[in-house]
Amino acid sequence: MSIDMTEDSNVPYAIRTYPPEKLKDALRKMYLIRKFEEGAEDSYTRGLIHGTMHLCIGQEASSVGTCLSLTDSDKITSTHRGHGHCIAKGADVAKMFAEFFGKETGYCRGRGGSMHIADPSKGNLGANGIVGGGLPIAVGAALSAKRLGRDDVTICFFGDGANNEGAFHESVNMAAVWKLPVVFVCENNKYGMSTSIDRSTSVKSIADRAKGYDIPGVSVDGNDISAVAEAIETAVARARAGEGPSLVENVTYRWRGHSKSDRNRYRTKEEISDWMERDPIPRFAADLVSHGILSDAEVAELDADTDREIAEAIDFARSGPDPDISALTRDVYTETAA
Amino acid sequence: MNTHATIEAPTRELSYAEAIREAMDIALGSDEAVVLMGEDIGVYGGAFQVTGDLVHKYGEDRVIDTPISELGGAGVAVGAALTGLKPIFEFQFSDFAALAMEQIVNQAAKVRYMLGGAVSVPVVMRFPAGSGTGAAAQHSQSIEAWLGHVPGLKVVQPSTPEDVKGMLLAALEDPDPVMIFEHKILYKMKGHVPEGYYTTPIGKAAIRREGKDLSIVATSLMVHKALAAAETLAGEGIDAEVIDLRTVRPMDRETVLNSVRKTGRLVCVYEGVKTLGIGAEISAMVAESDAFDFLDAPIIRLGGAECPIPYNPELEKAAVPQIPDILEAARAIAKGHV
Ligand SMILES: Cc1ncc(C[n+]2csc(CCOP(=O)(O)OP(=O)(O)O)c2C)c(N)n1
Ligand SMILES: [Mg+2]
């Protein structure tokens with residue numbers, strides 16, 4: 001099958017732009033995120049892990065589409081709803097699960113849990129328990145890249161709710177004034193916990209916030225991986241060219257409650273089921289099949305492979321060693337040679 | 001046994017969270033100036049279901065969901081308190097007070113003094129606090145000593161349903177800013193709560209168990225651990241007095257010093273980081289007074305470990321005082337006394 005590669009064709013941006021291997025990996029990661037979240041939820045429900053967690057089921061295209069064109073030295077800052085970002089940036093799901101199980105073999109050696117997973121080796125500076133906590137940190141990472149002459153871009157994930165923190169406004173302003181290589185990526189899933197953006201935010205679209213800082217702002221269908229990837233590529237190119245930051249709003253939806261204790265009193269069943277029909281995963285899979293990138297059988301194989309990968313990751317996590325209690329205060333400070 | 005006057009009204013069992021809600025309900029029902037403010041306190045009912053259904057009774061104009069804007073939200077409460085309203089501001093977790101320290105510490109605490117007494121700030125702030133929920137380092141802190149360090153603020157840590165209701169109503173009567181720290185583990189704890197309106201004094205400790213061999217001065221959840229330890233100690237012939245400090249600032253000197261004069265031995269138990277914490281203040285209070293002459297053994301402080309609260313459940317337990325730690329401390333200083 002031949003693909004018409006011209007811009008104005010009906011071929012989605014991602015399919016015209018990326019090689020088949022990369023597209024296949026993107027679908028694999030979307031499956032992996034979905035199944036990771038389902039595995040986490042199941043382990044939680046069965047009482048195998050404690051604490052709380054924020055699942056990103058339904059938002060997979062935003063994570064994967066945003067990270068598609070990044071290199072390992074590009075940085076991301078993530079949020080409390082960060083498992084998808086982490087996987088999209090190349091994390092090992094076994095070490096992620098081990099962290100949930102509080103094991104020494106986890107990404108944070110059992111110290112951080114769901115809200116603090118990070119993988120600096122892949123440029124992931126970490127999830128965050130504080131709404132808006134990652135925003136200035138991303139700007140700092142971009143300042144480093146600029147001062148140290150690195151080509152890196154920093155992607156700053158944040159939620160619609162975070163756009164009302166002072167940290168958001170201070171961060172975007174500094175990045176704009178100093179023309180720093182950072183892309184602010186708002187995952188607008190319409191609610192900050194129970195509070196809808198109409199009830200909390202003075203603009204209709206988070207992308208409109210860009211106007212106040214004189215930077216580009218675009219809003220895209222965050223359940224369309226291609227639309228996300230295209231907007232991010234444009235923003236990343238601008239950042240790498242030294243022209244400064246951009247704001248990209250991925251409009252999406254979380255299927256699950258905010259966290260495990262949510263009773264969904266602030267939204268309707270119909271709204272949830274409408275959005276579940278806009279599932280980003282089968283949509284992308286269908287695109288890949290209809291454009292001849294993958295066969296149905298190959299899609300089914302990815303589906304099965306990722307099931308297996310998650311099952312193995314959970315086994316790895318459960319069998320890992322617990323942290324040593326005597327190391328409770330290790331790593332509060334950096335150990336320096338006497 | 002409590003040092004405060006017993007309340008005559010009939011009682012019934014309420015949880016700590018229900019007792020807070022009842023206090024807020026009474027306040028909203030009797031004073032138009034009272035408003036509740038905070039994140040997800042409306043239809044969601046609050047992250048810990050403390051405000052519950054109050055929004056349905058009093059409406060969104062009096063039970064106000066703020067955007068996720070702690071600095072702004074707390075500051076709006078301060079400004080409203082300066083000008084006629086009596087806001088009760090809920091932080092979703094006490095940890096997020098870090099984002100609002102400017103308005104709490106530089107404004108609310110100081111404005112009356114700076115203006116030579118021309119104004120006062122009758123704001124009440126509520127802080128769900130403490131560890132034990134697996135929520136890790138940014139959702140588990142005990143920061144009452146931070147605020148206790150600030151002249152102009154009053155800081156309380158009620159440990160029972162009866163006290164939290166009475167102290168919240170006392171806080172509303174108080175013309176100055178009162179910070180109420182509510183341990184999250186206490187929310188589900190049940191206890192007898194008098195019906196109707198009453199206040200529990202700010203600045204008065206309560207003797208929860210009389211004893212002659214040693215004094216255990218504890219705060220919040222630690223009061224319950226201290227009482228459990230005291231039962232075990234009684235079986236070993238050690239008669240511990242347990243004092244519930246209740247108020248961190250202003251601290252009840254007399255109750256603590258009288259107890260130490262009687263027992264000659266002191267253990268301080270609190271969840272905040274041990275160093276530079278509440279125990280240091282209690283110890284210094286004793287050391288600077290004649291009660292020092294009554295000491296028969298060194299003072300022991302049991303406080304939080306010198307680290308953030310870790311995620312792994314065993315590490316998390318090890319990071320704060322537990323009943324066996326209290327037993328060990330009590331036995332160590334009660335030695336030779338039995
Ligand atoms: C400073 C701060 N305030 C409040 C919270 C509690 N909280 C955690 S997530 C959340 C909602 C965040 O909404 P949004 O930014 O839209 O992200 P989403 O959860 O929708 O992905 C809230 C209120 C927090 N963790 N940090
Ligand atoms: Mg949101």
Side-chain angles (χ1 to χ4, degrees), chain A residues 49-53 80 99-104 106 108-116 128-133 159-168 191-197 199-202 258-259 261-267 322-333, chain B residues 38-49 51-53 55-56 60 64-75 92-93 95-100 102-103 131-141 273-274 304-320:
Chain A
I49 48 185
H50 78 153
T52 189
M53 59 177 59
H80 58 285
E99 189 56 36
F100 285 12
F101 282 82
K103 302 295 184 154
E104 188 69 30
C108 316
R109 306 173 91 170
R111 279 23 173 220
S114 159
M115 271 188 291
H116 303 288
N128 215 304
I130 299 298
V131 168
D160 49 286
N163 104 90
N164 294 316
E165 289 283 12
F168 167 79
Y191 297 92
M193 211 156 146
S194 68
T195 308
S196 66
I197 82 160
R199 294 178 61 231
S200 64
T201 302
S202 62
H258 166 73
S259 66
S261 47
D262 189 346
R263 294 178 294 168
N264 281 314
R265 281 182 166 183
Y266 51 87
R267 53 183 193 172
D322 282 316
D324 182 352
I325 303 288
S326 69
L328 176 65
T329 59
R330 186 192 60 203
D331 294 327
V332 176
Y333 297 103
Chain B
E39 292 163 14
D40 307 288
I41 64 167
V43 67
Y44 197 93
F48 298 98
Q49 295 302 311
T51 45
D53 287 335
V55 70
H56 299 304
E60 291 189 355
I64 305 170
D65 269 338
T66 68
I68 309 175
S69 307
E70 288 78 12
L71 172 63
Q92 200 160 82
F93 283 76
D95 311 67
F96 311 154
L99 285 83
E102 197 289 299
Q103 286 294 324
S131 68
T133 63
Q138 294 171 336
H139 287 74
S140 304
Q141 297 170 80
V273 172
K274 175 179 163 183
E306 301 295 317
C307 61
I309 299 293
Y311 168 72
N312 172 281
E314 294 309 315
L315 286 178
E316 184 181 17
K317 279 186 208 129
V320 300

Counting only heavy atoms closer than 4.5 Å, note whether [X] contacts chain B via side chain, backbone, both or neither.
{"X": "Asp331(A)", "value": "neither"}
{"X": "Arg330(A)", "value": "neither"}
{"X": "His116(A)", "value": "side chain"}
{"X": "Asn128(A)", "value": "both"}

Heavy-atom pairs under 4.5 Å with chain B, option from [options] with the top count:
{"options": "Val332(A), Asp324(A), Asp262(A), Val131(A)", "result": "Asp262(A)"}
{"options": "His258(A), Arg199(A), Glu99(A)", "result": "Arg199(A)"}
{"options": "Gly133(A), Ser200(A), Ser194(A), Cys108(A)", "result": "Ser194(A)"}
{"options": "Ser259(A), Ala162(A), Ser114(A), Gly51(A)", "result": "Gly51(A)"}

Side chain from CB out, backbone as N, CA, C, O: work out which of these in [X] comes under 4.5 Å of a heavy atom of chain A, or both, or neither.
{"X": "Leu315(B)", "value": "both"}
{"X": "Tyr44(B)", "value": "both"}
{"X": "Ser69(B)", "value": "both"}
{"X": "Ala98(B)", "value": "neither"}

Next item on the list: Search all heavy atoms of Gly129(A) against all heavy atoms of Gln138(B) and return the closest pair with its distance.
Entry: N-OE1, 2.7 Å
Notebook entry, point to check: What closest approach, in Å, do Leu328(A) and Ala318(B) show between heavy atoms, and which atom pair accounts for it?
Noted result: CD2-O, 3.5 Å
Is any side-chain heavy atom of [Y] closer than 4.5 Å to one of [X]?
{"X": "Gln49(B)", "Y": "Arg263(A)", "answer": "yes"}
{"X": "Ile130(A)", "Y": "Leu99(B)", "answer": "yes"}
{"X": "Tyr311(B)", "Y": "Met115(A)", "answer": "no"}
{"X": "Pro67(B)", "Y": "Thr201(A)", "answer": "no"}
{"X": "Glu314(B)", "Y": "Asp322(A)", "answer": "no"}

Check: Got a second to check how far Glu70(B)'s CD is from Asn164(A)'s CG, nearest 0.5 Å?
Finding: 10.5 Å
Item checked: Candidate list Val43(B), Ile68(B), Asp65(B), test side chain to side chain contact (heavy atoms under 4.5 Å, CB included), partner Thr195(A), passing option -> Asp65(B)
Considering only heavy atoms and a distance below 4.5 Å, find which of [options] pairs most often with chain A.
{"options": "Ala137(B), Ala135(B), Ala319(B)", "value": "Ala319(B)"}
{"options": "Glu60(B), Glu316(B), Glu39(B)", "value": "Glu60(B)"}
{"options": "Ala47(B), Pro313(B), Ala305(B)", "value": "Pro313(B)"}

Next item on the list: I would like to know whether Arg265(A) and Asp40(B) meet salt bridge (charged side-chain N to carboxylate O under 4.0 Å, His left out); could you show each step before the answer?
Entry: CA-CA 11 Å; Arg265(A) 281 182 166 183; Asp40(B) 307 288; over 6 Å; no
